[in-house]
Amino acid sequence: MPPVPPAPSDDSSTGPLQSGGIAAGLEKARRDKLRKLTELGLDPWGSRFDGAASIAAVREQGEPLKRPEGEPPADDGPTVRVAGRIMLQRSAGSLVFISLADRSGRIQIMLGKKQVGPENWKVVDCLDLGDLIGVDGRLGYSKTGELTVFASALTFLTKSIETPPDKFHGLVDTELKQRMRYVDLIHGEGVRERFIARSRIVASVRQTLFDRGYLEIEGPTLQDSAGGAAARPFKTHHNALDMGLVLRIALELHLKRLLVGGMERVFELGRVYRNEGVSPRHNPEFTMLEAYEAYGDYVSMMDLTEAIIRDAAKVAGTPPTVQWMGHEIDLSKPFRRVKYDDLLREVVGCDPSDPASIVAAAASRGIDTAGRHPDVIKSELFEATCESTLSAPTFVIDYPAAICPLTKRKAGQPDIAERFELYVAGMELANAYTELNDPDLQEELFRTQLAGLAADESMARMDTDFIRALRHGMPPAGGLGIGIDRLVMLLTQSASIRDVILFPIHRPQTED
RNA sequence: GCCUCGUUAGCUCAACUGGUCAGAGCAUCUGACUCUUAAUCAGAGGGUUCUUGGUUCGAGUCCAAGACGAGGCACCA
């Protein structure tokens, strides 16, 4: 790459993010150094740099070089090569100490004017916090006992022309942390670790399922009608086909088609979209796992759920007992299982089998009961009273059938659906059914609009192709859905879903 | 969509009831320093107090509207 000609001195206002004033001054100092680097014949944007060891590995190499207190440090350490970002810089005249960070950790670099030679020293003058460099040098300990790479050569890898945040506090402003996640990942306390944990959790969920013989599949995210859940979809349009489309709100109906197709154990782990409110527990796009197992039922799904969570907790480094959202949660014990009606009776003190008792209890709590289906009232009563009491991991089982249009009814009890929801710290984490595979009943339920539910909050959306699939014979099956973001919240003790989503939704930043 | 709270230098934060209140640390620049650890020391520069309007002799501070965010509600059966 040919050297860049010196830029005009007023180039500091060209950046898209410049607001003038001091920002321009801070950037100018960095652009001056960038120019100086090119004048030295160096490419300030670097190039391939082979053979760098991870800093964690280098730190391990340094262990045996330690000497007892009082003895002079070993001076025969190996020569190492590392690369990373300058996080801290301390200058003591012609001696510069740098804290260099890579994906695995941090290590101190010492650059001495005498040690690196005059050519390298000119480069040292161009270094800023945030720059990326490569270093070759001997591994040893400084006089104060800090593991240090004593640099003999310096390779400039990339200039940073933006000022990093406060070196001690990092980014604190939640808005900036989320909008500039790249900065938050560099400087935020535990941020990178949290997203590493997320990656491991997702990998673990897949592995737990693979180990049980599941196949991972990919269903359509663009659909002509959104089924499998009650939620408002995002709407879009296909130009060439001139057709309206919606983004999926659940994975369910296509996975079940695959059960019909003989893929007896299938799962999808992917993004779903719901055009609804934002909260510490809701983001419009979020990651869902759904898994279906032929010849299983909701009880087998409980066992699977516990296995998925326990395995994930292991790889995430989650302690057996976690403090989260003001709850102390023991993940090591088998999860409690309690019937929906029993819980209502226990918490509310009403008779769940008596609609009049339910209506009275709901009305006394300000829940609108007029003209609404008894099971809708019951469900609202449950949410208002029971959910927040479920601190320890709890499978709530056997739901009112009317609010479960995709679920098989209990044998001999048509009013009870074989469904569970898993609650932890008052939050819904998972939802599972013994899957309804009777095509005629399914068709009828798709047509049933429960009293008191608006059309767009109902699951009563006919999917004729899905009915046709069921008519070909779907094996009896258990099905499970887990909110992966919420699972990551639990396993990393995060208070907001936005803390575990790299780029949560935001309104556009105002430019002025 | 509704309610409450917040927004001050690149970052992290100050500024009692409206009256030298535009301030500090980090960062930046200049200088000193070959063993520092958020290095230290001396000096310098840096502001549309989110925006617009209003009240007032006087507004970072009070009022109104708007932008963005946080929490709550609604929504999420």
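All values below were derived from every heavy atom in this structure, side-chain atoms included, with hydrogens, water molecules and symmetry-related copies excluded. All of these numbers come straight from a predicted model, not from anything done at the bench. In what follows, every chain begins at residue 1, and chains take the letters A, B, ... in the order their sequences are listed.
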Handout entry: Side-chain donor/acceptor of A/Q108 to base of B/U36, under 3.5 Å
Key = yes
Practice task
Kindly say whether, by distance alone, the side chain of A/S94 makes a donor-acceptor pair under 3.5 Å with the base of B/U34?
Solution key: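 Not at all, since no donor on one side and acceptor on the other fall under 3.5 Å apart.
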Indicate yes or no: does [X] engage [Y] in a salt bridge with an N to O separation below 4.0 Å.
X      : Y      : answer
A/R31  : A/E27  : yes
A/D32  : A/K28  : yes
A/K408 : A/E418 : no
A/E189 : A/R194 : no
A/E380 : A/R372 : yes
A/K33  : A/D125 : no

Whole-Å distance between [N] [atom2] and [X] [atom1]?
X      : N     : atom1 : atom2 : answer
A/E189 : B/C11 : CD    : C1'   : 16 Å
A/K143 : B/U34 : NZ    : C1'   : 8 Å
A/E175 : B/C5  : CD    : P     : 19 Å
A/D368 : B/C75 : CG    : C1'   : 16 Å
A/E162 : B/A9  : CD    : C1'   : 15 Å
A/L176 : B/G6  : CG    : P     : 19 Å
A/E27  : B/A9  : CD    : P     : 18 Å
A/M427 : B/C76 : CE    : P     : 19 Å

Between [N] and [M], how far apart are the two [atom1] atoms, rounded to whole Å?
N     : M     : atom1 : result
B/C62 : B/G19 : C1'   : 14 Å
B/G1  : B/C63 : P     : 24 Å
B/G46 : B/A24 : P     : 13 Å
B/G60 : B/C41 : P     : 34 Å
B/U12 : B/U8  : P     : 8 Å
B/C50 : B/C68 : C1'   : 8 Å
B/U61 : B/U17 : C1'   : 10 Å
B/A44 : B/G23 : P     : 14 Å

Exercise for the section: Please list, by residue number, the residues of residues 278-290 of chain A whose heavy atoms come closer than 4.0 Å to an atom of RNA chain B; answer none if no residue qualifies. Expected result: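 Heavy-atom contacts with RNA chain B come from A/P280, A/H282.
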Handout entry: Residue pairs involving residues 85-97 of chain A (criterion side-chain hydrogen bond (donor to acceptor under 3.5 Å, both in side chains); sequence neighbours excluded)
Key = A/R90-A/Q108
Given [options], which nucleotide is nearest the side-chain atoms of [X]?
X      : options             : value
A/L171 : B/C11, B/G69, B/C35 : B/C11
A/L26  : B/G10, B/C75, B/C68 : B/G10
A/Q178 : B/G10, B/A70, B/C35 : B/A70
A/S142 : B/C68, B/C35, B/A77 : B/C35
A/D173 : B/U12, B/A77, B/G69 : B/U12
A/E276 : B/C76, B/C35, B/C13 : B/C76

Partner residues of [X] under the side chain to side chain contact (heavy atoms under 4.5 Å, CB included) criterion, sequence neighbours left out:
X      : result
A/N431 : A/R419, A/E421, A/E428, A/Y433
A/D398 : A/Y298, A/K339, A/K410, A/I416
A/E119 : A/K122

Problem - Side-chain donor or acceptor of A/D173 paired with backbone N/O of A/L176 under 3.5 Å - result: yes
Handout entry: Sidechain-backbone polar pair: A/N283 side chain, A/F286 backbone, donor-acceptor under 3.5 Å
Key =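 Absent.
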Exercise for the section: Tell me which of A/F97 and A/R419 sits closer to the 5' end of RNA chain B, going by the nucleotide each one is nearest to. Expected result: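 Residue closer to the 5' terminus by nearest nucleotide: A/F97.
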Is [X] touching bases, backbone alone, or none of the nucleic acid, heavy atoms closer than 4.0 Å?
X      : answer
A/G112 : nothing
A/T174 : sugar-phosphate
A/R498 : sugar-phosphate
A/H187 : nothing

What are the atom names and distances for every N/O pair under 3.5 Å that joins the protein to nucleotides 38-44 of chain B?
from, atom 1, to, atom 2, distance (Å)
B/A38, O3', A/K167, NZ, 3.4
B/A39, OP1, A/K167, NZ, 2.5
B/A39, OP2, A/R90, NH1, 2.9
B/A39, N7, A/S91, O, 3.2
B/A39, N6, A/S91, O, 2.6

Fill in the blank from the handout: Here RNA chain B, pairs taken as Watson-Crick or G-U under 3.5 Å and shown with ( ), [ ] when crossing and | when to another strand, reads (((((((..((((.....[...)))).(((((.......))))).....(((((..]....))))))))))))....
Exercise for the section: Taking salt bridge (charged side-chain N to carboxylate O under 4.0 Å, His left out) as the test, write out the residues that go with A/E435, two or more places apart. Expected result: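 So A/E435 forms a salt bridge (charged side-chain N to carboxylate O under 4.0 Å, His left out) with A/K256.
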Handout entry: Pairing residues for A/K378 by the salt bridge (charged side-chain N to carboxylate O under 4.0 Å, His left out) criterion, not counting sequence neighbours
Key =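 Partners of A/K378 by the salt bridge (charged side-chain N to carboxylate O under 4.0 Å, His left out) criterion, ordered by chain and then number, come out as A/D341.
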Sort me out a list of protein N/O and nucleotides 29-31 of chain B N/O pairs below 3.5 Å, or just none if empty.
from, atom 1, to, atom 2, distance (Å)
B/C29, OP1, A/K33, NZ, 2.8

Completion exercise
salt bridge (charged side-chain N to carboxylate O under 4.0 Å, His left out) pairs touching residues 132-146 of chain A, sequence neighbours excluded, are A/R81-A/D136
Practice task
Establish, with yes or no, whether the OP1 or OP2 oxygen of B/C76 is under 4.0 angstrom from a side-chain nitrogen or oxygen of A/R274.
Solution key: no
Practice task
Please state whether the phosphate of B/C75, meaning OP1 or OP2, lies under 4.0 angstrom from any side-chain nitrogen or oxygen of A/R232.
Solution key: no
Practice task
Using distance alone, with no hydrogens and no angle criterion, decide if A/H506 and A/Q178 have a side-chain donor and acceptor under 3.5 Å apart.
Solution key: yes
Practice task
Could you list the residues that satisfy side chain to side chain donor-acceptor pair (under 3.5 Å) with A/S353, not counting sequence neighbours?
Solution key: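 Listed in chain order: A/D351.
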